[in-house]
Number of protein chains: 2
Amino acid sequence: MVRKPTSKETARKPNMREAILAAAEELFATNGFNAVSVRDIAQAAGANPGSVTYHFKTKDGLLLEIYRRHCGPMNLRRSELLAAAKRVRDLQDRLEAIVRAYVVPAFTSGSDLAGGGARFTRLRAVMSAEGNEVARKIIAQTFDDTSHAFIDAIHESLPHIPRTDIVWRSHFLLGALYYSLVTPDRVSRLSRGEADGSDAAGAIEQLVQATVAAFQAPALDQAAPARRRPVVSSKT
Amino acid sequence: MVRKPTSKETARKPNMREAILAAAEELFATNGFNAVSVRDIAQAAGANPGSVTYHFKTKDGLLLEIYRRHCGPMNLRRSELLAAAKRVRDLQDRLEAIVRAYVVPAFTSGSDLAGGGARFTRLRAVMSAEGNEVARKIIAQTFDDTSHAFIDAIHESLPHIPRTDIVWRSHFLLGALYYSLVTPDRVSRLSRGEADGSDAAGAIEQLVQATVAAFQAPALDQAAPARRRPVVSSKT
DNA sequence: ATGTGATTTGTACTATCGTACAAAAAATCA
DNA sequence: TGATTTTTTGTACGATAGTACAAATCACAT
C-alpha cells in the first residue's frame, strides 16, 4: 500500500475513528476499563479528546463499539469451524477439532481486523474480571448461544459424560484461554525461558492437547467415588 | 475480675482496621482496584474516609496489606499439603494429591481469616487481569517459589512429560481456578441450573478431576505430531 | 472557487478522585 | 483523676475524570 501524503507531513489519519478504536482496545485490554481515561486513549490514537466524544458519545459507547466490531466475525468463524468439526467421523479427532474450533478464533482474528483476535479475547478476559456491566450484558446475549452449541457438540462426542461435567470443563477451558492471554509472561518465567507464553501457535497446541484430555477424563459421579481418595486431611 | 486489656483488641468495635480490610477485599475482588474509591471502602466498612488514610496511608498501601495478610498463611498451608502429598506412594494418587494441595487452599482459607480464601484468590485473579503493579510485584516474589515447587513435584510424578508441558498445564490450572471464582454464575447459567458455580466443594472436585487428566495427557512433542491432525483448514 | 456537511480542536464545566491535616473523641496510663 | 497517646471525624485542596459545546478546519460535490 503506497502512502498518500494528501495532507500534512503527519499523514497518519486514514481513519481517526479506527485509530481510536484500536488504541482503546489495546489500552483496555492491558490496563482495564477504569484505569484508562478518554484522554489516554485520545493521546495514544493521536487524536483530540473531543473526537472520542464525537464518534462514540461516551466511554461506554466506545467499549460497546469494540464489542460490536468483533463479536460477529468471531462467532461466525467459530460456527464455520464447528460445522466443519462436526463432520469429522472419528470421535476422538472430532473432539479435538471441536476444541480447536473454539480456541483458534480466540487467538487469531476471523475478519479483516489486523491480528486483533487475541487482543479482543484478552479484553474480554479483563472486562470479565472487572465485572464490567456493559461487557457482561453483551457477553451473555452474544456468546451464550455459541457456548451452548459447543457444549452440545462436545457432549455428542462424549455421550457417557454428564452434561454438567462438560459445562465445568468448558468453563475451565475458557478460564485457561483467558489467563494465557492475560499473563503470557508467567509461562515464560516459570519455564525459565524454555517456553514462550506469547507464542500463539504454541499456546493453542498446548491448550488443545490439555483440554481434550480434560474432557475425556472419567465422569465425576458424586454418588460413588470411583477410586480411593488420596489422603489430604491435615487439620489446622 | 478486672481484665487488663493491654493488647489492642478493644471491644467497642471489632477493630475498624479489620473492617476496612474486609470491605476493601470484597470490593476490590468484585469490581477491580480502580473502580473502587477510598470513600466506597470507608462507607462499606462504616468508617470515615480519613480512617483509611490513617491506617494504611495510601490506597496502594491498603492493597499491599491485604496481600501481606493472606500470602503467608496460604503458602504455608500449600507447603504442608504438598509435603503430605509427596508422601503418597501410588503415582496416580500422588498426582491428584498434589493438584488438590494446590487447589484447596485457594478456595478455603488456611488461617483465622473468616472464609476469605476464595475471596482473596478472586482478588488475585482480578488484579492479575488489570495488570496491577502493586500486585504483580508481590505475586512474582511470593508465589513463584510455590509454583516452582508444585511444578517440580508434578514433574516428578510424571517423568515422561517435558517440564515445558507441565508449566503450560499448571498455568491452565491457575487460569481455570481464577475464572471459576470470577464468574461462577456462568457455570450455573450454561448448565441451566444443574450445576452451582458457587459451590466450592463441587468446583474443587471438577477442577481436580479435569486437571489431573490434563496433566496426564501425552506429551506434546512438536517435532512429530503423534496422530494425524484433524482438518480445520478454512481460509479467510 | 465556493458552499456545505462532516470532522477535529480547544476549552470549560461539574463531579469525584486520593490524600492531607487539624480538631474532636476515645482509649490508655501515671 | 488528669495527662498523653491513639483513633476517628470533618473538611479542604489540587488533580483528574467524563462529557458538552462552540469555533476552527477539512473533504468534496458543484
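Numbers restart at 1 for each chain; the letters A, B, ... are given by sequence-line order, proteins then strands.
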> Can a donor-acceptor pair be found between the side chains of E130(A) and N31(B) at a distance below 3.5 Å?
Replying inline: no
> Of the nucleotides dG18(D), dT19(C), dC17(C), which one has an atom closest to the side chain of T58(B)?
Replying inline: dT19(C)
> Of all the nucleotides listed (dT8(D), dG18(C), dA20(D)), which has the minimum atom distance to the side chain of T53(A)?
Replying inline: dA20(D)
> After noting the C-alpha distance and the side-chain angles of I154(B) and Y102(B), does the key distance pass the side-chain contact (heavy atoms from CB on, under 4.5 Å) rule?
Replying inline: CA-CA 11 Å; I154(B) 292 168; Y102(B) 187 80; over 6 Å; no
> Closest heavy-atom contact between S51(A) and I20(A)?
Replying inline: CB-CD1, 4.1 Å
>> In this structure, how many angstroms lie between the P atom of dG18(D) and the NZ atom of K59(A), rounded?
In response: 4 Å
> Any side-chain heavy-atom pair from T164(A) and V187(B) closer than 4.5 angstrom?
Replying inline: no
> How many Å lie between OH on Y54(A) and P on dC26(D), as a whole number?
Replying inline: 16 Å
> With a non-hydrogen cut-off below 4.0 angstrom, is S37(A) in contact with a base, only sugar-phosphate, or nothing?
Replying inline: sugar-phosphate
> Separation of K57(B) atom NZ from dT7(D) atom P, in whole Å?
Replying inline: 15 Å
> Just how far, in rounded Å, is C1' of dC17(C) from CG of N31(B)?
Replying inline: 16 Å
>> Between R39(A) and A47(A), which residue's closest nucleotide on DNA chain C lies nearer the 5′ terminus?
In response: A47(A)
>> With nearest nucleotide decided by heavy atoms, which residue, R17(A) or D60(B), maps closer to the 5′ end of DNA chain C?
In response: R17(A)
> How long is the line joining CG of D40(A) and P of dA15(D), in whole Å?
Replying inline: 17 Å
>> Nearest whole Å is fine: how far is dT6(D) C1' from N48(B) CG?
In response: 16 Å
>> Can you measure L62(A) atom CG to dG18(D) atom C1' for me and round it to whole angstrom units?
In response: 12 Å
> Taking NE2 from H55(A) and C1' from dG18(D), how many angstroms apart are they, rounded to a whole number?
Replying inline: 17 Å
